[in-house]
Amino acid sequence: MVSVTNLTKTYGSVNALNGVNVQVKESELFGVIGPDGAGKSTLFRIILSLLLPDSGEVEVWGFDPVKDYRKIRQMVGYMPGKFSLYEDLSVEENLGFFATVFGTTIKENYHLIKDIYQQIEPFKTRPAGKLSGGMKQKLALSCALIHKPKLLVLDEPTTGVDAVSRSEFWEMLQKLKKQGITILVSTPYMDEASLCDRVALIQKGKILDVAAPSEVVAGFDGKLFGVSGGNMYHLINACKSFEGVESVFPFGEELHLTFKDRDDHSEALMEFLRGKGFDKLNIRLIRPNIEDRFMSLMSSESFHE
Amino acid sequence: MRILYYLLQKEFIQIVRNKIILRLIFILPVVQLLVLVNAATMDMKNMEMVICDQDHSSLSNRLISKIEASPFFVLERMTPDVANGRERLESGEADLMLVIPNDFEQDVIKGQSGEIQLLANAINSQKAQLGYAYMQRLTSDLGHQFKLEMTGEKTQSTLSSTYTYWYNPELDYKFFMLPGILVVLVSVVGMFLTAMNLVREKEMGTIEQINVTPVPKYTFIVAKLLPFLVIGLFELALGLVIGKFVYNVPMQGSLWLVFGIASLYLAGLLGLGLLLSTFSASQQQVTFVSYFFLLVFILMSGIFTSVDNMPEWGQKVNLFNPLFYFIDVMRSILLKGAQFWDLWRQILGITILAISFLTLAVLNYRKTS
């Protein structure tokens, strides 16, 4: 129910968004995945009517963020990446304040936030600034939900949050989705992408791909190898110097590697590496994940440029 | 209107929670008015004087007793030694030094002009000038008196001028300073707090959160200005109470008029604070910029110095100085009992500035968000 067509936005000479096209469906958990500075926040801020686009069209349930910004503000909830509630107001006062400025009350929409808010309710008289990171996040989510928005926009909600809170947070999003709320979420973490219904991969203001996470992975054609053994840095350089190698990048304790013809030349590579004095070498065929697909899209994108 | 009420409620909760600001709101006027008004006095009373009387005549004695009786001078020391007197002047123990030479009385009796020498420490030029003027008056009085006694004839100056200081008959400097300091106080509190408050929302990122709510811009701005308008007027009231009970400053004119014009004045100054905050990204920036403007405004305003003595360009600059108008208004109403129509120029000036500042602030606020 959010449709973005040919959207561009420049800051000076920097192309923050460069002809972006995205369609988000009703009650969908839609992820925007990309590195820092890819244009995720800019895209969100335009949809939220916080920023004017240079050109292109945006529609949020038929409303234009430029002309009908009042309508849009009534129906979206926004949680910026940086905690931005009033730190000197208590948990309860923050929630109450955002409820009242939207012309509603905590009571009226309590059912929406109940699961989340209950966890921080014991601290409701505590100033928001004195909450822990995970609790701040829950309060921010409660405040973004209190007016029962149709669209919830979350800008890197899990950045700087511990692993347990992160998975809890995604569970909360799944529950909210079941209540019919459309969710637009950005993240730099590839592992979170698989939790979305569909994802858009964005880089340098361009959308590289929009698909369900499984389809994104399926888009990875050819064979992917995991290589390990010896000093990572030297190993990367050695692999790069092998003629048939297309891409190689570190992934955990392994290197993810593809050959130019996307076929299997592992024997030849092994031979080559042994000749360079590497031992304890191990190479295996692995299943690509979203990050692999993203990296390959990114490298082919820069190849085309 | 309901939204405005909730926004105001939020603002006041935040102000009350900010213990340092809250204390400052109460302590600032008390300290400024109790300490500054007394300390920043420019009363030229009690100037310390060293007298080197080398004449030791009845006339020189009369001169000395006249000096002692004057409220302007205090006899710091009598010394026959000019060098010693000069030392005292140089060391700062004395502000003035009077040398009465040997033949002073003789010369006067002979009908020649009696000469005395006055040396003044002119580091504070105002003090030196005033000391000189007072001394001249004192000696010419004595001269006429003496001549009358000696010859029975009046001197050529049959016209003698008498002085009355209107509106402040005792030349009480505090009456002059208090309204001025009060204006500075109200301005500092109003302008700084407004500017800081809005920039704080920017710094904390909360303005982003507000911007996605349906809160209209104007409501938000009104909610930002109104609390500080109220605080500014409260400071003014507190200051006037201190003025009345501690200094017994006269309040000749209508206090309604004072508060009416003060509201207008504050609206403009808060608008300026808001305008500056739209240009600034951090509280640090806005503090420095506000400080710059306030310092220029204060020093140009005529709080310490007479605006009429300024060069013409300075007086023109003051057309854009809200403090200049308001200090004039405060002094005129409190000390002189000026009425609305006596002050129409100042009120017009304040109104134009208020409308301009507020309009610019609102326009610029809309543009940046």
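Naming convention: chains lettered A, B, ... in sequence-line order (proteins, then strands); numbering from 1 in each chain.
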Winner by heavy-atom pair count (cut-off under 4.5 Å) against chain B, out of A:F102, A:F97, A:Y86, A:F98:
A:Y86
I need the minimum non-hydrogen distance between A:R73 and B:T213, along with the two atoms involved.
CD-O, 3.5 Å
Just wondering, more than 12 heavy atoms not from A:E121 lying within 6.0 Å of its CD?
yes
Measuring heavy-atom distances to chain A, does B:E201 have an atom under 4.5 Å in its side chain, in its backbone, in both, or in neither?
side chain
NZ (A:K148) with more than 12 external heavy atoms under 6.0 Å
no
Considering all heavy atoms, the nearest B:Q209-A:L85 contact:
NE2-CD2, 3.9 Å
Does any backbone or side-chain atom of B:L7 lie under 4.5 Å from a heavy atom of chain A? Answer side chain, backbone, both or neither.
both
For the CZ atom on B:F245, are there more than 12 heavy atoms of other groups (residues, nucleotides or ligands in this structure) within a distance under 6.0 Å?
no
Would you say B:F292 has more than 12 foreign heavy atoms packed within less than 6.0 Å of its CZ?
no
Drop me the distance from B:N211's CG to A:L51's CG, to the nearest 0.5 angstrom.
11.5 Å
Shortest non-hydrogen contact from A:L89 to B:K10?
CD1-CG, 3.7 Å
Identify the heavy atoms of B:G205 and A:K82 that sit nearest to each other, and give their distance.
N-NZ, 3.8 Å
Heavy-atom closest contact (A:D88 atom, B:R17 atom, distance):
O-NH1, 2.8 Å
Return the minimal non-hydrogen interatomic distance between B:P214 and A:V101, and the atom names on each side.
CD-O, 3.9 Å
Can you tell me how far apart CD (A:E87) and CZ (B:R200) are? Round to the nearest 0.5 Å.
8.0 Å
Report, one line per pair, each donor and acceptor closer than 3.5 Å where one atom sits in a side chain of residues 112-119 of chain A; sequence neighbours left out.
{"residue": "A:Q119", "atom": "OE1", "partner": "A:K138", "partner atom": "NZ", "Å": "3.1"}
{"residue": "A:Q119", "atom": "NE2", "partner": "A:D115", "partner atom": "O", "Å": "3.1"}

Is B:I20 atom CD1 crowded by more than 12 heavy atoms from other residues, nucleotides or ligands, each under 6.0 Å away?
no
Looking at chain B, which one of A:T100, A:I72, A:L52 has the largest number of heavy-atom pairs inside 4.5 Å, strictly under?
A:T100
In this structure, are over 12 heavy atoms from other groups packed under 6.0 Å from B:Y291 atom OH?
no
